[in-house]
Amino acid sequence: NPNTVVFSDKDTQSGNDDPDTPQAAAFANKVLEYRPAPTQFMNTTATAYKEGFTYQQVLEYATELLSDRNVCLLSLGAFGGYITVGFDHTVPNVSGEYDFKIYGNAAYDIYGTNEDKPGGSAEPGIVLVSKDTNGNGLPDDEWYELAGSEYNKEETIKNYKITYYRPDEGHEPVEAPEDEQFWNIDAEYILWTDNQQQGGYIYKNRYHKQEYYPLWIEDAEMEFEGTLLPQNAKDESGIGKYWVLYAYPWGYADNGLNKEDTSNFKIEWAVDKQGNPVHLPGVDFIKIYTGVNQYCGWLGETSTEVMGINDLHLLNQ
């Protein structure tokens with residue numbers, strides 16, 4: 001299936017570094033939370049799951065993957081699915097400079113687009129940061145969103161909530177409309193509802209026939225809350241054949257190329273829940289979640305992917 005989970009810009013990542021070098025120490029080295037939303041890539045090598053794994057085993061394996069940027073690929077699923085990572089040091093907030101980079105697998109379309117901005121497979125994820133104020137090594141202190149280019153746009157929805165429902169045991173696939181049947185094998189697979197009086201389904205496509213709800217999560221419902229970005233995808237063919245996901249200018253994970261500044265972040269972009277700027281001397285934890293609720297026909301749901309995170313100040317030593 002030629003969809004968006006592909007490796008890109010691998011030459012910009014230095015996997016298997018000597019652990020004693022500043023370059024190796026620059027990278028986030030532990031996964032503290034990993035709760036992806038339903039996705040066509042669930043329960044596969046893109047989600048740190050192996051058959052029979054518990055949540056703790058998933059976290060341990062995700063941490064192992066995070067240590068090798070040549071193989072790490074962690075999908076966050078549909079809107080709200082998230083990962084929280086930590087470092088062995090505090091990432092400093094250096095005024096006016098980029099502080100850390102998030103590697104994703106965004107790529108731009110080599111055939112060009114019809115918009116005056118890059119497009120291809122940009123799957124923007126919201127980024128939050130936290131300082132270990134209580135010193136317990138856990139991500140249980142206040143979180144601050146990094147206000148990216150769309151934060152103050154009228155179309156952006158704050159305090160968005162969505163709930164996904166595990167399909168009933170014995171669920172029977174529902175036939176898709178005729179023009180979708182070449183890819184859609186269950187038009188009512190995973191139900192979702194939100195706090196905007198909207199709802200719909202994550203469909204099952206013929207390219208990925210395993211279960212899309214995380215097998216290591218026992219809950220029958222998964223609820224996520226956060227900032228909902230405007231949809232960034234456009235069907236340039238007009239008939240559902242050619243989807244382009246346009247990149248936002250700055251401030252989102254898996255949105256720009258790894259080799260460009262659009263995958264870099266400044267801690268000074270942090271804001272509190274009311275949108276007021278916050279000064280943090282540095283951060284110990286970074287959380288990323290898929291920021292759009294969007295379905296692109298045969299490409300499926302838009303899902304942020306994470307391939308590694310590093311402290312740019314250490315990396316550049």
Side-chain angles (χ1 to χ4, degrees), residues 4 31-44 46-49 53-55 58-59 62 74-84 123-128 139-140 143 145 150-151 155-174 176 180 184-205 208 210-233 252-254 273 287-297 299-306:
T4 55
V31 176
L32 298 155
E33 299 175 308
Y34 182 45
R35 194 174 175 86
T39 170
Q40 62 191 317
F41 305 112
M42 187 59 65
N43 307 312
T44 71
T47 52
Y49 177 78
F53 266 22
T54 63
Y55 180 43
V58 166
L59 289 180
L74 296 169
S75 177
L76 305 185
F79 175 85
Y82 64 88
I83 189 170
T84 303
E123 300 182 285
I126 304 283
V127 180
L128 299 95
D140 56 3
W143 284 100
E145 182 173 335
E150 310 308 293
Y151 183 80
E155 301 85 357
T156 298
I157 299 174
K158 309 296 198 309
N159 304 311
Y160 179 74
K161 290 184 181 179
I162 192 169
T163 303
Y164 302 95
Y165 303 87
R166 186 195 299 273
D168 294 333
E169 198 168 334
H171 167 79
E172 292 291 335
V174 174
E180 294 182 359
N184 188 345
I185 59 175
D186 188 352
E188 296 184 9
Y189 180 40
I190 294 181
L191 173 70
W192 62 266
T193 59
D194 67 16
N195 64 350
Q196 305 295 306
Q197 289 70 57
Q198 301 294 315
Y201 292 91
I202 290 180
Y203 314 125
K204 178 169 277 196
N205 67 49
H208 302 276
Q210 83 292 345
E211 293 189 52
Y212 290 11
Y213 199 96
L215 289 172
W216 70 90
I217 301 290
E218 296 181 359
D219 304 334
E221 301 176 8
M222 299 182 75
E223 183 176 280
F224 299 96
E225 180 176 3
T227 297
L228 177 67
L229 299 172
Q231 296 190 359
N232 70 323
Y252 302 101
D254 198 21
K273 288 181 170 60
K287 179 183 288 187
I288 305 157
Y289 65 86
T290 300
V292 291
N293 180 17
Q294 169 176 275
Y295 211 93
C296 303
L299 274 179
E301 72 289 333
T302 297
S303 167
T304 303
E305 273 84 45
V306 174

If only atom types and distance count, is the side chain of [X] paired as donor or acceptor with the main-chain N or O of [Y] below 3.5 Å?
{"X": "E123", "Y": "T302", "value": "no"}
{"X": "N43", "Y": "Y213", "value": "yes"}
{"X": "Q40", "Y": "E211", "value": "no"}
{"X": "D254", "Y": "P124", "value": "no"}
{"X": "N184", "Y": "A176", "value": "no"}
{"X": "T290", "Y": "G77", "value": "yes"}

Is there any salt bridge (Lys or Arg N to Asp or Glu O under 4.0 Å) pair reaching into residues 216-229, and which pairs are they, with sequence neighbours excluded?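 For residues 216-229: R35-D219.
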
Got a sec, which residues hit ring-ring contact (aromatic ring centres under 6.0 Å, His included) with [X], two or more places apart in sequence or on another chain?
{"X": "Y295", "value": "Y203"}
{"X": "Y201", "value": "none"}
{"X": "Y189", "value": "Y212"}
{"X": "Y49", "value": "W216"}

Would you check, one step at a time, whether the test side-chain hydrogen bond (donor to acceptor under 3.5 Å, both in side chains) holds for E301 with T39? CA-CA 7 Å; E301 72 289 333; T39 170; 2.6 Å; yes

Considering residues at least two apart in sequence or located in another chain, which fulfil the side chain to side chain donor-acceptor pair (under 3.5 Å) criterion with E150?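 E150: side chain to side chain donor-acceptor pair (under 3.5 Å) contacts with K153.
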
